[in-house]
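Model, not experiment: these values are computed from the prediction. Each ligand, and each atom within it, is numbered from 1 in the order the structure gives.
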Amino acid sequence: MRIDIISAVPSLLESPFNDSILKRAKEKKLVDIKIHNLRDYSNNKQKSIDDYAFGGGAGMVLGIEPFSKCIEDLKGKRDYDEIIFMTPDGENLQQSYANQLSLKKNIIILCGHYKGIDQRIRDYLITKEISIGDYVLSGGELPAAVLCDSIIRLIPGVLNNETSALTDSFQDDLLAPPVYTRPAKFKSWEVPEILISGDLKAIEKWREEKAMENTKKRRPNLTKNKKD
Ligand code: ADE
């Protein structure tokens, strides 16, 4: 899978892809992430990418030309399945959408600034608008990193134990059950006995029950379509 991210502040995207699971995914060549500096597509000597808003108003607006040029360059080289704009008024990111995206070949992600991006970019250049939650961040870079993480960990071969992505919270509209590790007793706090019983069937059943219990308690909206 190839992901192209277009950003006015590319340095914000350096660290998330250079550690842990995402770094390993890149090293294993399961994902190719290219970060493009919007300024490199500016059409003037000053490398400016924003301008005053037509009609007045506070704040600068990221213009359409650099985004359009960068997207055209990329589309000239390969076909893209989706061109996504990160924005707080987009569709809320759901696990099911991350699952769908993890099967795609090439995607572009645009990072903008809330209130600060020419509307024509949204009207004519993109295919999807995604929000990572009902709060406003300073730009789309951190949301883009969140979206990429949610996708990349699902690509087969990225996680050592492939089943661990399948048992993530939300994969089947259930939160994950609790997990424990050694020591079995810390102070007076003990691990549930069933987990050290060796009875795999009973452990599986306990995990299912705990997942349902957790979901009902914390996220009852997810269990609407489930029976006990
Ligand atoms: N840009 C700023 N805030 C955002 C959010 N919550 N989700 C996606 N993109 C954003």
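- For Ser138, the heavy-atom gap to ligand 1 stays at 4.0 angstrom or more.
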Can you give me every donor-acceptor pair (side chain of residues 50-76, partner residue at least two apart or in another chain, under 3.5 Å) with its distance?
unit_1 : atom_1 : unit_2 : atom_2 : d
Glu65  : OE1    : Asn43  : ND2    : 3.2
Glu65  : OE2    : Asn43  : ND2    : 3.4

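- Residue Leu137 has at least one nitrogen or oxygen atom sitting less than 3.5 Å from a nitrogen or oxygen atom of ligand 1, judged on distance alone.
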Taking it one step at a time, do Gln95 and Asp173 satisfy side chain to side chain donor-acceptor pair (under 3.5 Å)? CA-CA 9 Å; Gln95 185 66 45; Asp173 283 344; over 6 Å; no

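- Using a 4.5 Å heavy-atom threshold, the side chains of Leu125 and Ile83 count as separate.
- Put simply, the side chain of Leu101 does not reach to within 4.5 Å of the side chain of Asp81, judged on heavy atoms.
- Below 4.0 Å from some heavy atom of Gly133 lie the following atoms of ligand 1, by number and element: 6 (N).
- For ligand 1, the atoms closer than 4.0 angstrom to any heavy atom of Gly139 are 1 (N), 2 (C).
- Counting heavy atoms closer than 4.0 Å to ligand 1, residue Thr87 contributes backbone atoms (N, CA, C, O) but none from C-beta onward.
- The closest approach between Ile130 and ligand 1 falls below 4.0 Å for a heavy atom of the residue.
- Listed by number with element, the atoms of ligand 1 under 4.0 angstrom from any heavy atom of Met86 are 8 (C), 9 (N).
- Inter-residue side-chain proximity for Leu110 and Ile108 is flagged as met; some heavy-atom pair is nearer than 4.5 Å.
- Residue-level proximity to ligand 1 for Pro143 is carried by the side chain, the only part with a heavy atom below 4.0 angstrom.
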Name the atoms and distances for all side-chain donor-acceptor pairs under 3.5 Å in residues 12-23, with sequence neighbours left out.
unit_1 : atom_1 : unit_2 : atom_2 : d
Asn18  : OD1    : Lys26  : NZ     : 3.1
Asn18  : ND2    : Glu14  : O      : 2.8

